[in-house]
Amino acid sequence: GKSTFLNVLAGHIKTFSGAVKISQSVLLVKQQYNSGRVLDIVLAPHSQLIKDTYEVILQGSDNSNRYLRALEIWDDLDGYSLQVEWDELTLRTCGVPFEQIALEGVGRLSVGERKLLALQSALRSRKSILLFDEPESALDIVERDLLEQEIKQSDKTIIFCSHDRRLLANYVGRFLVFEPRRNGTVCWEFMGSFSDLPVEQQIRLERINVQQEQQKNERLKLELHSKDMSRRASYNDKMSTRSRSAKTRLERFNNDQTKIYKRELRPSVFNFNASNRRYVFSVSVSSEHRMGKELSVTLSPGTQVGLVGRNGSGKSTLLASVARHLGMEINMDDWLHTDVNVRVEEITSTGLPPKVGIFSQDNLGTGFAGRTVLDIACESVQSVNCLRADDLPWMLNKIGIAHLQQKRYEELSGGERARVQLMILTLSEFDLLLLDEPTENLDIDAAIAFQSGINDYSGCVIVASHDRELLESVDYIVRLGH
């Protein structure tokens, strides 16, 4: 309910119980901008008058009364100063003057450029309260560092939901924690550092469990009292009123929407397994092209390498090319494939080829569309013959997707799709894992569990990521791009 909460605050959702009172101007920056024009992103913080006037000016330079009137209004609004600001914004973010791309669709920009443009526009606006929905998503490391500096220097009130552990640890001292319950989501506030939040969650859990036990005892007392009154009323009509009262109290207790539901902290567990075989992988790029430079990487058993670079620097391309060299069916341009060479040397003497596991950043393109989570799990289990069907509920619960069994893959959120892919990687033994942004859509608990599982994995790993916490745990980093 985090995004829903932000949309309620922004006034985009009108139907809800309760009340929202905000005395200052508010602006929401969404998770994604998949439609509309570049102009719509840049001008989002501004009044409708500014938007309408600028569109009239953009559409032509004739001498019509409408156009001349727009120029007068634009001068009164100090619009020319705004144009200078917008040019600076798009030049800094996209490298293009604003007027050149204003009327183009957002598809003209990369996903990261759209997001950064929306964030920068909001931070430079006159809005007093900013609502950021996962501001770090789609941003590379350089852009995330830039965003952090902007947030640090801003004098605005900023409310954001985020899974970026570094951002939360460095710049946040007040948290609203959303926890799902059987009777709806519960939200509670914590004042303090991000590092202290897990301790507070555990204390809160223990307190809830005590209250749950007290509630259980109270229900038992009411049930025994109701049964006793019913028994007495069966042979004494004078007890009928008391019996009905006892039943009413029990029903009211059971229907009470403020009941405390026990919540257990069950963190996801990702156990990645390597085979008994041991390989040395040597990866080299023979020319600059998209990678930006020649490079050579050697991975002995247990080595973990992080790929970093700006969006579009070739991280995903390199992973896909390595996968294709190792026998995986990957669609890509031949010239990219031939620039990369992969050599495999087996230390053990089985003569078997290495087994490679892949996590795709574009997790909609994994061939799972139309199938439910349970179908995917069953097929995966049958293909590796590693579990009995009876073990499926336990496995799904361990990954944190047991409640999604009947949902189709395309209906899942990005984080839920990521968990399904990770589930498949835990079912078999792999000698090399190629991971493309594995934590991008995971919530904080799942990202921590994933990192713990990778740290315990004894095979080789090449991971492309902008997750600064994850990258600190790898053995060494290869930077792509110029």
Next on the checklist: Is the ring pair Phe175/Phe194 parallel, tilted or perpendicular, if the boundaries are 30 and 60 degrees?
Outcome noted: tilted
Could you tell me which non-hydrogen atom of [X] sits nearest to which non-hydrogen atom of [Y], and how far apart they are?
X      : Y      : value
Ser121 : Ile41  : OG-O, 3.9 Å
Ala44  : Leu27  : O-CD1, 4.0 Å
Gly400 : His403 : O-CE1, 3.4 Å
Gln24  : Ser128 : CB-CB, 3.7 Å
Leu470 : Ser465 : CD2-OG, 3.8 Å
Val172 : Arg174 : CG1-O, 3.3 Å

Working to the nearest 0.5 Å, report the span between [atom1] of [X] and [atom2] of [Y].
X      : Y      : atom1 : atom2 : answer
Glu251 : Asn254 : CD    : CG    : 8.0 Å
Leu434 : Leu432 : CG    : CG    : 4.5 Å
Tyr171 : Ser154 : OH    : OG    : 12.5 Å
Ile22  : Thr157 : CD1   : OG1   : 10.5 Å
Phe359 : Leu319 : CZ    : CG    : 12.0 Å

Using atom types as modelled and distance alone, determine if a side-chain donor or acceptor of [X] lies under 3.5 Å from a backbone N or O of [Y].
X      : Y      : answer
His163 : Ile444 : no
Arg417 : Leu412 : yes
Asn455 : Gln451 : yes
Arg114 : Leu109 : yes
Lys407 : Thr372 : no
Glu379 : Leu374 : no
Tyr33  : Lys30  : yes
Glu150 : Gln120 : no
Glu472 : Glu469 : no
Arg408 : Gly370 : no

Please say which of [options] ends up in a side-chain contact (heavy atoms from CB on, under 4.5 Å) with [X].
X      : options                        : value
Leu139 : Glu113, Glu134, Lys115         : Lys115
Val461 : Val474, Leu435, Asp475, Thr303 : Leu435
His466 : Thr439, Asn311, Val142, Leu471 : Asn311

Checklist entry - Any side-chain donor-acceptor pair under 3.5 Å between Asp431 and Ser275? => result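 Checked: Asp431/Ser275 side chains pair up, N/O donor to acceptor below 3.5 Å.
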Checklist entry - Distance only, no hydrogens: is a donor on one side chain within 3.5 Å (strictly under) of an acceptor on the other, for Ser193 and Ser195? => result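 On atom types as modelled, these side chains qualify, holding a pair under 3.5 Å.
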Item to check | Residue list, ring-ring contact (aromatic ring centres under 6.0 Å, His included) with Phe160, at least two apart or on another chain | outcome: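 If we apply the ring-ring contact (aromatic ring centres under 6.0 Å, His included) test to Phe160, skipping adjacent residues, there are no hits.
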For atom [atom1] of [X], is the number of surrounding heavy atoms from other residues, nucleotides or ligands below 6.0 Å larger than 12?
X      : atom1 : result
Lys2   : NZ    : no
Arg124 : CZ    : yes
Asn217 : CG    : yes

Item to check | Salt-bridge criterion met for Arg277 and Glu346 (N-O under 4.0 Å) | outcome: no
Item to check | Ion pair Asp443/Arg419, N-O distance below 4.0 Å | outcome: yes
Item to check | Steps toward side-chain contact (heavy atoms from CB on, under 4.5 Å) verdict (Val210, Gln214) | outcome: CA-CA 6 Å; Val210 169; Gln214 292 172 345; 3.9 Å; yes
Item to check | Selection residues 454-468 - residue pairs positive for salt bridge (Lys or Arg N to Asp or Glu O under 4.0 Å), sequence neighbours left out | outcome: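 Every pair satisfying salt bridge (Lys or Arg N to Asp or Glu O under 4.0 Å) with a residue in residues 454-468: Asp145-Arg468, Glu148-Arg468, Asp164-Arg468, Arg165-Asp467.
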Checklist entry - Does the ring center of Phe16 lie less than 6.0 Å from the ring center of Phe5? => result no
Checklist entry - Which is it for Ser162 and Glu136 under the side chain to side chain donor-acceptor pair (under 3.5 Å) test, yes or no, and what are the steps along the way? => result CA-CA 7 Å; Ser162 174; Glu136 76 285 351; 2.9 Å; yes
Checklist entry - Is the NZ or CZ atom of Lys355 positioned over Phe430's six-membered ring, under 6.0 angstrom from the centre and within 45° of the axis? => result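 Yes, cation above the ring, under 6.0 Å and within 45°.
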Next on the checklist: Between Ile462 and Leu318, does the side-chain contact (heavy atoms from CB on, under 4.5 Å) criterion hold? Intermediate values first, please.
Outcome noted: CA-CA 10 Å; Ile462 303 178; Leu318 179 57; 6.0 Å; no
Next on the checklist: As a quick check of understanding, evaluate side-chain contact (heavy atoms from CB on, under 4.5 Å) for Met423 and Lys398, giving each step before the final call.
Outcome noted: CA-CA 9 Å; Met423 171 195 70; Lys398 186 178 75 166; over 6 Å; no
Item to check | Candidate pair Ile347 and Tyr279, rule side-chain contact (heavy atoms from CB on, under 4.5 Å), full reasoning | outcome: CA-CA 6 Å; Ile347 298 175; Tyr279 298 89; over 6 Å; no
Item to check | Chi angles and distances behind the ring-ring contact (aromatic ring centres under 6.0 Å, His included) call for Phe450, Phe272 | outcome: CA-CA 9 Å; Phe450 167 80; Phe272 302 101; 5.8 Å; yes
